[in-house]
Amino acid sequence: MEDDKGRVNHLSKNLTNAEQFHSLPALLRRNAVQFAKVPAYREKEYGIWQTWTWADVEREVESLALGLINLGIQEGDFIAIIGRNRPYLYWSIVAAQSVGAIPVPVYQDAVAEEMTYVLSHCGARFVIAGDQEQVDKVIEVQDQLREFQQMIYLDPRGLRKYDHSQLHQFSHVQEQGRAAYDKLIYELKLRREKLNYDSTCVMLYTSGTTGKPKGVVLSNRNVIETAKSSSKFDSLRQSEDILAYLPMAWVGDFIFSIGQAFWTGFCVNCPESAETMMTDLREIGPTYYFAPPRIFESQLTHVMIRMEDAGTIKKWLFERFMSHARKVGPALLDGLAVSVADRVKYWIGDLLIYGPLKNTLGFSRVRVGYTAGEAIGPEIFDFYRSLGINLKQLYGQTEATVFITAQPDGEVRSDTVGIKCEGVELKIDDNGEVYFRSPGVFIEYYMNPESTLATKNTDGWVATGDAGFIEPDTGHLRIIDRAKDVGKMADGSLFAPKYIENKLKFFPNILEAVLFGNGKSECVVIINIDLTAVSNWAERNNIGYGSYQELASHPRVMEMIEDHIVETNNTLSEDKMLSGCHIHRFVVLHKELDADDGELTRTRKVRRRIIEEKYADILQALYDGSKNIITETEVTYEDGRKGFIKAMLEIRSVSEHRDGAKIAAE
């Protein structure tokens with residue numbers, strides 16, 4: 001007991017010494033002593049939350065690491081990890097590093113072609129798969145994977161009759177590891193002790209917005225230093241709770257659910273499934289929360305849909321108190337002066353509206369919330385902050401181990417992405433592109449020295465690919481758009497599509513918008529409706545439809561979208577920089593943009609060049625004055641089969657004189 005107390009005291013004194021804890025396994029050993037009985041991971045299974053303490057996690061990871069050595073994994077091997085957010089798969093990442101291997105999380109919804117590319121490119125000899133679906137995908141492309149040797153699966157359902165010559169059940173690998181403890185523990189200790197700050201921690205693939213994904217190699221230094229400084233920035237504590245629901249292959253989930261979790265010792269909660277995510281979010285009530293803008297947009301859409309179905313009194317109360325919240329909520333959150341009368345009114349609103357709404361959203365306990373990945377609409381951002389939710393923006397990318405800039409408390413604005421993080425240097429080149437240098441700068445793109453050199457120069461400066469500027473008086477960074485997407489209209493005025501697309505996506509009825517106009521005299525836009533919001537509206541207005549395509553082409557839906565574009569054009573008229581980007585024509589697409597069809601990345605970013613090529617006939621019709629176009633589009637079904645859908649689309653010009661009345665008024 002005395003020895004244990006001594007170790008705890010020693011570790012406590014050195015909690016902030018990142019150099020001492022130079023790897024994920026080293027941090028795990030620290031946590032297993034310092035936070036031995038504290039919850040580290042939870043998972044909801046069959047409706048019941050299962051909990052593992054940090055001491056439990058260390059035992060689980062060690063058993064798996066011994067089992068991996070027993071299977072023949074060598075130092076330097078790549079281990080692909082595919083599946084939804086589960087504690088076992090997070091432990092697999094740490095176990096892989098423990099044996100000197102390199103973990104490579106893969107997007108679980110990747111189709112065969114994407115998976116083949118990643119597994120072949122990194123030369124993965126071993127795969128750890130979550131379930132039968134992932135096992136089947138690997139088996140389907142197995143003959144194209146020259147390095148592949150063994151696969152471990154977590155969920156045994158449906159796999160009993162498979163050929164197990166190359167298949168191993170996760171629990172069995174752990175059992176074999178425990179059985180061989182005396183034989184293999186010395187080897188495991190040797191491998192763990194070899195790890196240092198410059199050892200590879202993980203390899204994460206970029207989303208591939210403009211081409212093939214690149215393997216971003218991140219070191220222990222990148223991950224741990226970033227986790228340390230970002231945790232300090234927001235005073236993250238061991239008592240935090242987070243919900244891990246975003247793709248494990250995405251750098252944001254890695255730094256939150258592994259990097260910061262291991263540095264601070266807070267608890268990572270994994271939902272039962274994507275379908276139960278909102279219910280699980282409410283049950284956990286995270287104190288630290290991250291979501292890309294599309295999640296916040298979706299949640300707001302559901303709120304607005306529910307209010308449309310509410311009674312007259314409830315709707316009146318909501319509108320009245322939300323109007324007051326927008327006026328004083330952000331000021332209260334930032335600790336600014338607010339009159340007693342306004343405080344009392346806000347307190348009443350919190351009892352009647354804001355509190356119940358935050359509870360419904362699962363945000364009652366959120367102390368720090370972030371959004372990133374792309375710009376969020378100012379109206380959406382302000383809505384959440386008006387409720388008293390400390391939502392902030394950060395700016396980062398895989399090559400930075402996420403953090404480049406972040407918004408400090410009291411300096412939160414919808415039009416910036418914050419100030420540079422600790423240890424980060426920023427500069428803007430002559431063309432307006434943002435460059436950074438930091439302890440989080442990636443090592444290299446795996447087997448791609450040309451791209452590495454093109455992105456990171458010999459002085460360590462990294463080109464972000466984004467255009468922006470630093471406010472001289474505040475030091476806040478403002479991002480305009482992707483540098484390659486920013487252009488000029490024919491008259492020389494600025495063309496920044498993402499900014500305008502985000503304005504359009506503020507309307508709950510618009511899911512995606514892709515704007516075109518660079519070098520042209522007019523802007524045109526391709527629209528995706530939000531099926532949930534528009535179908536709810538259609539039901540309330542007694543509009544029948546049989547498919548997405550039929551609803552999207554309905555005349556009243558076209559009128560509704562035109563009203564939203566008119567309203568957006570009106571706001572653009574007040575913006576001197578973007579007043580030349582008025583939208584003149586639009587089309588509502590007959591299908592949703594889909595990652596399986598190559599139109600979106602796995603993180604749901606629009607692949608603009610692909611859309612420009614794939615829908616070239618529609619773009620031509622938007623510009624040549626056509627009123628209709630018959631188009632045929634290749635689609636990928638859920639089972640991987642390809643097919644074609646044909647449709648006649650209406651091309652509509654935007655009236656300058658529509659009243660822009662919101663469709664909700666109907």
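No experiment lies behind these values; they were computed from the predicted model shown.
To the nearest 0.5 Å, the span separating CZ on Arg237 from OH on Tyr288 amounts to 12.5 Å. Atom CZ in Phe296 sits 7.5 Å away from atom CD1 in Ile389 (nearest 0.5 Å). Taking NZ of Lys44 as the reference point, atom SG of Cys270 lies at 13.0 Å (rounded to 0.5 Å). To the nearest 0.5 Å, atoms CG (Asp594) and CD (Glu512) are separated by 11.0 Å. Going from atom CD1 of Ile224 over to atom OG of Ser231 covers 11.5 Å, rounded to the nearest 0.5 Å. Here the straight-line distance linking atom OG of Ser230 with atom CD of Glu225 works out to 10.5 Å at 0.5 Å rounding.
The shortest distance between side-chain heavy atoms of Val127 and Leu145 does not fall below 4.5 Å. Side-chain contact check for Gln174 versus Phe170: some heavy-atom pair is nearer than 4.5 Å. Within the 4.5 Å cutoff, the side chain of Trp250 has no heavy atoms near those of the Val402 side chain. Side-chain contact between Pro271 and Leu243 is present, with at least one heavy-atom pair separated by less than 4.5 Å. Using a 4.5 Å cut-off on side-chain heavy atoms (C-beta onward), Met278 and His302 make no contact.
The aromatic rings of Tyr88 and Trp91 sit perpendicular, their planes meeting at an angle over 60°, well past the 30° parallel limit.
Nearest heavy atom pair, residue Tyr370 against residue Ala406, reads OH-CB, 3.9 Å. Summarising the geometry of Phe266 relative to Phe256, their closest heavy-atom pair is CZ-O, 3.5 Å, with the distance given to 0.1 Å. Residues Ile305 and Ala533 come closest through the heavy atom pair CD1-CA, 3.4 Å. Nearest heavy atoms, Leu89 versus Ile82: CD1-O, 4.1 Å.
Looking at residues two or more places apart in sequence or on another chain, you find a ring-ring contact (aromatic ring centres under 6.0 Å, His included) between Phe363 and Tyr289. Looking at residues two or more places apart in sequence or on another chain, you find a ring-ring contact (aromatic ring centres under 6.0 Å, His included) between Tyr153 and His164. The side-chain hydrogen bond (donor to acceptor under 3.5 Å, both in side chains) search around Lys591 returns Asp597, Glu599, not counting sequence neighbours.
With respect to the salt-bridge test (charged N to carboxylate O, under 4.0 angstrom), the residues Arg540 and Asp309 qualify. One finds a salt bridge joining Arg86 and Glu45 here, because a Lys/Arg side-chain nitrogen approaches an Asp/Glu carboxylate oxygen to under 4.0 Å.
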Listed pairs under 3.5 Å, donor-acceptor, residues 102-111 side chains, sequence neighbours left out:
residue	atom	partner	partner atom	Å
Gln108	OE1	Arg84	N	3.1
Asp109	OD2	Arg602	NH1	3.4

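Remark: the Asn269 side chain and the Glu283 side chain contain no N/O donor-acceptor pair separated by less than 3.5 Å.
Applying the salt bridge (charged side-chain N to carboxylate O under 4.0 Å, His left out) rule to pairs touching residues 157-178 yields Asp155-Arg157, sequence neighbours excluded. A salt bridge (charged side-chain N to carboxylate O under 4.0 Å, His left out) check over residues 359-368, counting only residues at least two apart or in different chains, returns the pairs Glu240-Arg367, Asp241-Arg365.
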- Passes salt bridge (Lys or Arg N to Asp or Glu O under 4.0 Å), Glu62 versus Arg192? Steps please. CA-CA 11 Å; Glu62 184 172 83; Arg192 283 192 305 218; 3.6 Å; yes
- Message: What verdict does the salt bridge (Lys or Arg N to Asp or Glu O under 4.0 Å) test give for Arg385 and Asp382, after you've listed the backbone C-alpha separation in whole Å, the side-chain angles of each residue and the deciding distance to 0.1 Å?
- Response: CA-CA 5 Å; Arg385 285 190 60 80; Asp382 292 340; over 6 Å; no
